[in-house]
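Accompanying notes for the structure given below.
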Amino acid sequence: MPELPEVEIIRGQLERELLGARIAACEVALTRLVTHPTPLGYRRGLKGRAIVSVGRRGKYLLFALDGKRELVVHLGMTGSLILSSRGGARPRHTHIVFHLEDGRDLLYVDPRTFGETALLRRGDRRPMRGLDRMGPEPLEDGFTCECLASALRGTCRVKSALLDQSRVAGIGNIYSDEALHRAGVSPLRRLDTLSPTEIERIHSAVREVLREAISGGGSSVSDYVNLRGERGAFQDDHRVYRREGEPCPACGTSIRREVISGRSSYFCPKCQK
DNA sequence: ATAGGCCTGACG
DNA sequence: CGTCAGGCCTAT
């Protein structure tokens with residue numbers, strides 16, 4: 001569900017609300033979602049730990065805890081984190097509850113249960129392979145055009161490459177389509193046919209659309225809500241995503257849908273070559 | 001590179 | 001009923 005912008009919004013809210021808070025206890029109703037260590041070790045390891053910082057890597061949330069531990073949360077397709085007061089309503093599909101010492105609860109809610117959470121020793125991310133192999137952060141200052149060019153080596157379709165978290169972190173199905181439309185590049189293009197100019201355009205487009213999405217509160221296509229349970233507004237600014245048959249906002253041509261790497265892809269056949 | 005699987009829910 | 005869904009892993 002959430003891609004980089006949505007996770008970044010939640011991260012900022014978590015940081016503002018939870019810095020210094022201490023976890024009193026943790027309830028795990030669906031143990032499948034805890035992938036490291038064992039669910040028991042997870043609960044025991046979290047008990048009494050204070051939150052020192054809240055970070056993000058790609059689509060992963062990273063809570064640095066005292067005692068040299070790191071709590072990692074990936075929201076999968078439909079996961080959300082909701083902050084509620086003690087005894088507040090438990091939404092349907094609440095699978096994990098982090099009870100804080102100040103009486104608030106942090107709820108992990110996830111209907112499709114594609115998410116994952118783990119408790120790691122700080123500095124050792126090997127138990128989470130996706131996190132361990134994460135590509136560069138596209139919004140960092142160091143993410144230059146040359147960085148993107150080297151991430152886009154090979155021969156696969158550019159859309160598949162942008163979805164590959166080991167090439168670039170945090171981009172999913174929505175923002176890959178939106179970025180490629182802004183860049184005027186077809187999602188079907190092979191990497192080895194992209195000119196330096198096109199790579200520059202993709203570079204700017206990716207950073208631009210991710211920043212705008214964060215400002216717009218993220219995309220709530222179906223499930224996404226922030227820490228306070230509020231929906232985003234950026235779905236209204238999508239130019240192609242899930243707009244098959246609608247006119248391209250740039251040229252009026254009908255938006256086309258095609259399946260690439262098993263994912264629906266939306267693009268303008270005229271603007272995107 | 002592609003299909004299938006993991007799950008539940010919304011919609012036609 | 002079938003189709004589709006913001007992610008990611010595995011097996012072919």
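The sequence lines fix the lettering, A, B, ..., with proteins before strands; numbering per chain opens at 1. Side-chain atoms are counted along with the backbone in the values below, which use heavy atoms only and exclude waters and symmetry mates.
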Any side-chain heavy atom of A:Glu178 within less than 4.5 Å of one from A:Asn173?
no
Span that lies between the P atom of C:dG2 and that of B:dG5, in whole angstrom:
15 Å
From A:Glu70 atom CD to A:Leu119 atom CG, the distance as rounded to the nearest 0.5 Å
9.0 Å
Quick one, A:His99 and A:Asp105 - any side-chain contact, counting heavy atoms below 4.5 Å?
yes
Taking the minimum atom-to-atom distance to the side chain of A:Arg263, which one of C:dC8, C:dC4, C:dG7 wins?
C:dG7
Candidate list A:Arg126, A:Arg121, A:Arg122, test salt bridge (charged side-chain N to carboxylate O under 4.0 Å, His left out), partner A:Asp124, passing option
A:Arg126
So does A:Thr78 get a side-chain nitrogen or oxygen closer than 4.0 Å to the phosphate oxygens (OP1/OP2) of C:dG7?
no
Report, as a single string ordered 5' to 3', how protein heavy atoms within less than 4.0 Å touch nucleotides 3-9 of chain B: B base, S sugar-phosphate only, - not at all.
---BBBS
N/O contacts under 3.5 Å, protein versus nucleotides 10-12 of chain C?
residue: C:dT10; atom: OP1; partner: A:Arg129; partner atom: NH2; Å: 2.7
residue: C:dT10; atom: OP2; partner: A:Arg129; partner atom: NH2; Å: 2.8

Is the shortest heavy-atom distance from the side chain of A:Leu210 to the side chain of A:Glu8 under 4.5 Å?
no
Determine all donor-acceptor pairs shorter than 3.5 Å in which one atom belongs to a side chain in residues 13-22 of chain A; sequence neighbours excluded.
residue: A:Gln13; atom: OE1; partner: A:Leu227; partner atom: N; Å: 2.8
residue: A:Glu15; atom: OE1; partner: A:Arg11; partner atom: NH1; Å: 3.3
residue: A:Glu15; atom: OE2; partner: A:Arg11; partner atom: NH1; Å: 3.3
residue: A:Glu17; atom: OE1; partner: A:Arg104; partner atom: NH1; Å: 3.1
residue: A:Arg22; atom: NH1; partner: A:Gly48; partner atom: O; Å: 2.8
residue: A:Arg22; atom: NH1; partner: A:Asp66; partner atom: OD2; Å: 3.4

A:Phe143 ring center within less than 6.0 Å of A:His203 ring center:
yes
Within a strict 4.5 Å, meaning less than it, do heavy atoms of the A:Leu100 and A:Ile23 side chains meet?
yes
From C:dC8, B:dA1, C:dC4, pick the nucleotide closest to the side chain of A:Gln165?
C:dC8
Validation: residues 36-43 of chain A side-chain donor-acceptor distances under 3.5 Å, sequence neighbours left out:
residue: A:Thr38; atom: OG1; partner: A:Gly41; partner atom: N; Å: 2.9
residue: A:Tyr42; atom: OH; partner: A:Thr117; partner atom: OG1; Å: 2.7

Pairwise C1' distance, B:dA1 and C:dA5 [rounded to whole Å]:
22 Å
Is there side-chain contact between A:Leu75 and A:Phe114, with at least one heavy-atom pair below 4.5 Å?
no
Are A:Arg90 and A:Thr94 linked by a side-chain donor-acceptor pair shorter than 3.5 Å?
no
Contact under 4.0 Å: A:Tyr266 side-chain N or O vs C:dA5 OP1/OP2:
yes
When you compare the side chain of A:Arg182 with that of A:Arg201, does any pair of heavy atoms fall below 4.5 Å?
no
Between the protein and nucleotides 10-12 of chain B, which nitrogen or oxygen pairs come in under 3.5 angstrom?
none

Quick check for you: to the nearest 0.5 Å, what is the distance between A:Asp223 atom CG and A:Asp110 atom CG?
8.5 Å
Per the 3.5 Å Watson-Crick/G-U criterion and a run length of at least three, the stems involving DNA chain C are B:1-6 with C:7-12, B:8-12 with C:1-5
Send over the distance from A:Glu3 CD to C:dG7 P, rounded to a whole Å.
5 Å
